[in-house]
K.L.:
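First the structure, then my questions, so here it is.
Numbers here are sequence positions counted from 1.
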Amino acid sequence: MLRTPTELLLHLVQPKYTRLAIWVVCVLILLIVPQFLSQAQATQSPVTPVLTGLNFPVSLKFAPDGRIFFTEKDTGSIRIILQNGTLLATPFATVSPIFADGEAGLLGIALDPSFSSNGYVYVYYTDRDPQNYTHGHIRRYTAAGNTGADPVSTFNVTSSAPNTIYHNGGYVKFGPDGELYAQVGEFHQGSQAQKQGTMDGKMLRMNPDGSVPSDNPFPGSLVWALGIRNAFGFDFDSSNGRFIATAAGPGSDDEINIIVKGGNYGWPTCTGPCNPHNPAFIDPIVDFKSIVTPTGIATVEPNVYYFGEWNSGDLVRLNLTSTGSVVSMTEVYTQSGGIISVELGPNGKLYYSSPNGIYSLNTQFLIPQPSSFPFLVLIAIATVGATAAATTAVYLLIRRRSKHSVIPLPIKKMPLTWLHISFDR
């Protein structure tokens with residue numbers, strides 16, 4: 001009867017030692033190969049393009065039915081991506097007139113918490129008056145299907161100096177309390193950020209119709225927090241009530257702050273943490289010495305946040321303690337062209353925008369770290385060494401056995417065709 005190569009090998013040597021050697025090789029393979037497979041998987045991209053070829057999609061939000069609403073900074077158009085990933089050719093609405101030089105334009109978008117019943121969509125945009133003062137507006141549209149109707153202006157802030165194009169802020173979002181929050185930059189006039197009576201350089205909190213909530217920290221004022229240079233990203237952590245926001249510094253000291261009611265974040269008196277410490281101001285929890293320009297930030301799980309960087313294009317995972325101290329910051333992906341908005345989608349995936357597209361990130365994807373690559377080399381060496389040792393042991397056993405044993409006659413009669421069958425597969 002013909003024997004397979006494995007049967008032949010087992011017959012040539014003492015079965016106990018042969019099986020032991022083969023089991024050693026198999027166990028090593030089972031232990032080591034999964035390491036290679038997991039590391040190979042980590043080299044794949046965790047990012048999936050949702051839609052590319054877009055015109056500066058600066059902010060995005062999700063409707064309960066899965067549609068993505070986003071703003072085009074320079075065109076003034078509010079666009080919709082359907083649940084199947086199709087971009088509607090006709091904008092939901094187009095804001096006009098609009099001023100879009102520099103950091104100005106159609107900036108933020110927010111959907112009412114009761115969007116399913118009232119269809120309210122809010123956008124933050126800038127325009128210019130005849131004297132060249134920049135205005136920041138919030139306008140509300142009512143969705144009639146995929147069309148915005150009945151525009152209503154609910155908010156207006158005016159720069160303190162003419163011809164400003166920078167530090168417009170413009171990010172808006174509803175908080176867990178049902179109020180609308182808005183970041184307003186100081187329009188490149190730093191001293192305004194410390195003036196409680198202005199809305200420049202502030203975090204604002206308003207009722208959806210633009211009126212002042214009765215429990216705001218300063219009576220009759222929309223100001224929730226002050227001393228903010230310019231910012232474009234914030235979110236709420238429902239697990240602990242945390243209100244976390246990014247902020248852009250001048251030549252250094254970009255920041256991530258925990259915003260509190262009535263808090264003063266120091267600009268322009270302090271850049272980054274005050275030195276010496278000033279109890280009148282709240283220091284950032286993260287202070288960047290090099291300029292990265294942090295933008296959007298999103299809560300992904302309790303005490304875990306992802307934020308984007310405009311200058312570097314990095315998407316960064318930030319882990320805090322329950323008291324707000326930094327546990328770790330890890331770069332998880334780099335997007336060419338920079339990152340603007342960062343939002344958690346209803347499907348649990350993270351979404352972000354860049355100047356020409358919207359992308360999703362699988363936050364559960366294994367991200368390879370630089371330190372893992374030397375480990376791969378050690379795995380490879382161990383695999384080769386262990387396999388070589390086991391193979392040598394089998395070979396020596398075969399030779400030793402063949403010197404003291406006579407190969408049974410049935411083996412001599414085996415045809416050589418099994419070699420071709422084995423190696424031609």
K.L.:
Would you indicate whether the side-chain heavy atoms of L106 and T126 approach each other to under 4.5 Å?
P.N.:
no

K.L.:
For the residue pair Y124 and F155, categorise the inter-ring angle as parallel (less than 30°), tilted (30 to 60°) or perpendicular (more than 60°).
P.N.:
tilted

K.L.:
Mind checking whether D283 and C274 have side chains closer than 4.5 Å, heavy atoms only?
P.N.:
yes

K.L.:
Can you name the one residue among T158, N230, T134, I165 that meets side chain to side chain contact (heavy atoms under 4.5 Å, CB included) with F187?
P.N.:
T134

K.L.:
Do R205 and D215 meet the salt-bridge criterion of a basic N to acidic O distance under 4.0 Å?
P.N.:
yes

K.L.:
For a side-chain contact (heavy atoms from CB on, under 4.5 Å) check, start with the C-alpha distance between F243 and M203, then their side-chain angles and the critical distance, and finish with the verdict.
P.N.:
CA-CA 11 Å; F243 181 2; M203 180 72 73; 3.7 Å; yes

K.L.:
So, taking the atom named CD in Q335 and the one named CH2 in W310, what distance separates them when rounded to the nearest 0.5 Å?
P.N.:
10.5 Å

K.L.:
How long is the span from the CG atom in L180 to the OG atom in S211, to the nearest 0.5 Å?
P.N.:
11.0 Å

K.L.:
Report the C-alpha distance between Y171 and F234 in whole Å, list the side-chain angles of each, state the deciding distance to 0.1 Å, and finish with yes or no for ring-ring contact (aromatic ring centres under 6.0 Å, His included).
P.N.:
CA-CA 8 Å; Y171 186 80; F234 61 83; 4.9 Å; yes

K.L.:
Any luck finding a side-chain donor-acceptor pair between T94 and S77 under 3.5 Å?
P.N.:
yes

K.L.:
S114 side chain to N118 main-chain N or O, any donor-acceptor pair under 3.5 Å?
P.N.:
no

K.L.:
Would you tell me whether K195 and S191 have side-chain atoms, one donor and one acceptor, within less than 3.5 Å of each other?
P.N.:
no

K.L.:
Can you tell if the side chain of P176 reaches within under 4.5 Å of the side chain of S238, non-hydrogen atoms only?
P.N.:
no

K.L.:
Any idea how H135 and H137 line up, ring-wise: parallel (<30°), tilted (30 to 60°), or perpendicular (>60°)?
P.N.:
parallel

K.L.:
Can you tell me how far CD of Q196 sits from OG of S221, rounded to the nearest 0.5 angstrom?
P.N.:
6.5 Å

K.L.:
Check whether N168 reaches the backbone of G170 with its side chain - one donor and one acceptor, N or O, closer than 3.5 Å.
P.N.:
no

K.L.:
Is there a side-chain contact between L82 and N146, using heavy atoms and a 4.5 Å cut-off?
P.N.:
yes

K.L.:
Answer with yes or no whether the side chains of N163 and Y133 bring together a donor and an acceptor at under 3.5 Å.
P.N.:
no

K.L.:
Would you check if the distance from the ring center of F62 to the ring center of Y351 is below 6.0 Å?
P.N.:
yes

K.L.:
Ignoring hydrogens and geometry, is there a side-chain-to-backbone donor-acceptor pair from T71 to L107 under 3.5 Å?
P.N.:
yes

K.L.:
Is D287 salt-bridged to K289, going by a charged N under 4.0 Å from an acidic O?
P.N.:
yes

K.L.:
Assess the residue pair V157 and D200 against the criterion (side-chain contact (heavy atoms from CB on, under 4.5 Å)); give the C-alpha distance rounded to whole Å, side-chain angles, the decisive distance to 0.1 Å, and a yes or no.
P.N.:
CA-CA 8 Å; V157 60; D200 311 35; 4.0 Å; yes

K.L.:
So, for G338 and P355, which heavy atoms are closest and what is the spacing to 0.1 Å?
P.N.:
O-CD, 3.6 Å

K.L.:
Tell me, with the steps shown, if V316 and E309 meet side-chain contact (heavy atoms from CB on, under 4.5 Å).
P.N.:
CA-CA 8 Å; V316 182; E309 297 176 353; 3.6 Å; yes

K.L.:
Does one side chain, of S214 or N216, offer a donor that lies under 3.5 Å from an acceptor on the other?
P.N.:
no

K.L.:
Any side-chain heavy-atom pair from F174 and E179 closer than 4.5 angstrom?
P.N.:
no

K.L.:
Kindly give the heavy-atom pair with the smallest separation between S353 and V58, and that separation in Å.
P.N.:
OG-O, 3.9 Å

K.L.:
Ring centres under 6.0 Å, that's the criterion: do Y120 and Y141 meet it?
P.N.:
no

K.L.:
Within the distance-only criterion (no hydrogens, no angle test), does the side chain of T295 pair as donor or acceptor with the backbone N or O of I340 below 3.5 angstrom?
P.N.:
yes

K.L.:
Run the numbers on N311 and T293 for side-chain hydrogen bond (donor to acceptor under 3.5 Å, both in side chains), then give the verdict.
P.N.:
CA-CA 6 Å; N311 284 29; T293 312; 2.9 Å; yes

K.L.:
Can you check whether Y352 and Y306 have ring centres sitting under 6.0 Å from each other?
P.N.:
no

K.L.:
Do any N or O atoms from the side chain of S312 and from the backbone of D314 form a donor-acceptor pair under 3.5 angstrom?
P.N.:
yes

K.L.:
Would you find a donor on one side and an acceptor on the other, under 3.5 Å apart, between the side chain of T330 and the backbone of V332?
P.N.:
no

K.L.:
With no hydrogens and no angle check, do the side chains of W267 and E186 hold a donor and an acceptor under 3.5 Å apart?
P.N.:
yes

K.L.:
For the pair E72 (side chain) and T75 (backbone), establish whether a donor and an acceptor sit closer than 3.5 Å, ignoring hydrogens and angles.
P.N.:
no

K.L.:
Check the pair R79 / N55 against side-chain hydrogen bond (donor to acceptor under 3.5 Å, both in side chains), numbers first and verdict last.
P.N.:
CA-CA 10 Å; R79 308 297 299 273; N55 191 340; over 6 Å; no

K.L.:
Take E343 and K173 through the salt bridge (charged side-chain N to carboxylate O under 4.0 Å, His left out) test and state the conclusion after the steps.
P.N.:
CA-CA 11 Å; E343 303 286 346; K173 192 168 199 169; 3.2 Å; yes

K.L.:
Please walk me through it: do F288 and V286 pass side-chain contact (heavy atoms from CB on, under 4.5 Å)?
P.N.:
CA-CA 7 Å; F288 301 86; V286 177; 3.5 Å; yes

K.L.:
Start with the C-alpha distance between Y305 and D237, add both sets of side-chain angles, then the distance that settles side-chain hydrogen bond (donor to acceptor under 3.5 Å, both in side chains), and finish with yes or no.
P.N.:
CA-CA 9 Å; Y305 315 90; D237 187 340; 2.6 Å; yes

K.L.:
If only side-chain N and O atoms count, and only distance matters, is there a donor-acceptor pair under 3.5 Å linking N303 with R242?
P.N.:
yes

K.L.:
With a 4.5 Å cut-off on side-chain heavy atoms, are S59 and I109 touching?
P.N.:
yes

K.L.:
Using a 6.0 Å cut-off, check whether atom CZ of F99 has over 12 heavy atoms from anything other than its own residue.
P.N.:
yes

K.L.:
Look only at the side chain of R139 and the backbone of P151, and say whether a donor-acceptor pair between them is shorter than 3.5 Å.
P.N.:
no

K.L.:
Determine the minimum heavy-atom distance between P213 and M206, stating which atoms define it.
P.N.:
CD-CA, 3.7 Å

K.L.:
Please report the shortest heavy-atom distance between K73 and G102, naming the atom on each side.
P.N.:
NZ-O, 3.0 Å

K.L.:
Does some side-chain heavy atom of Q83 sit less than 4.5 Å from a side-chain heavy atom of R67?
P.N.:
yes

K.L.:
Using atom types as modelled and distance alone, determine if a side-chain donor or acceptor of N257 lies under 3.5 Å from a backbone N or O of I259.
P.N.:
no

K.L.:
Is the distance from the ring center of F69 to that of F92 below 6.0 Å?
P.N.:
yes

K.L.:
Is any side-chain heavy atom of N362 less than 4.5 Å from a side-chain heavy atom of V47?
P.N.:
no

K.L.:
Ignoring hydrogens, what is the shortest heavy-atom contact between Q194 and G227? Give both atom names and the distance.
P.N.:
NE2-CA, 3.5 Å

K.L.:
What do the steps show when you test T271 against D253 for side-chain hydrogen bond (donor to acceptor under 3.5 Å, both in side chains), and what is the final call?
P.N.:
CA-CA 6 Å; T271 301; D253 298 286; 5.4 Å; no

K.L.:
Check L87, L51, L60 against I68 for a side chain to side chain contact (heavy atoms under 4.5 Å, CB included) and give me the one that passes.
P.N.:
L60

K.L.:
Is a side-chain donor-acceptor pair under 3.5 Å present for T323 with T321?
P.N.:
yes

K.L.:
Could you tell me whether a side-chain N or O of E103 sits under 3.5 Å from a main-chain N or O of H167, the two making a donor and an acceptor?
P.N.:
yes

K.L.:
If you compare all heavy atoms of V342 against all heavy atoms of A298, which two are closest, and at what distance to 0.1 Å?
P.N.:
O-CB, 3.8 Å

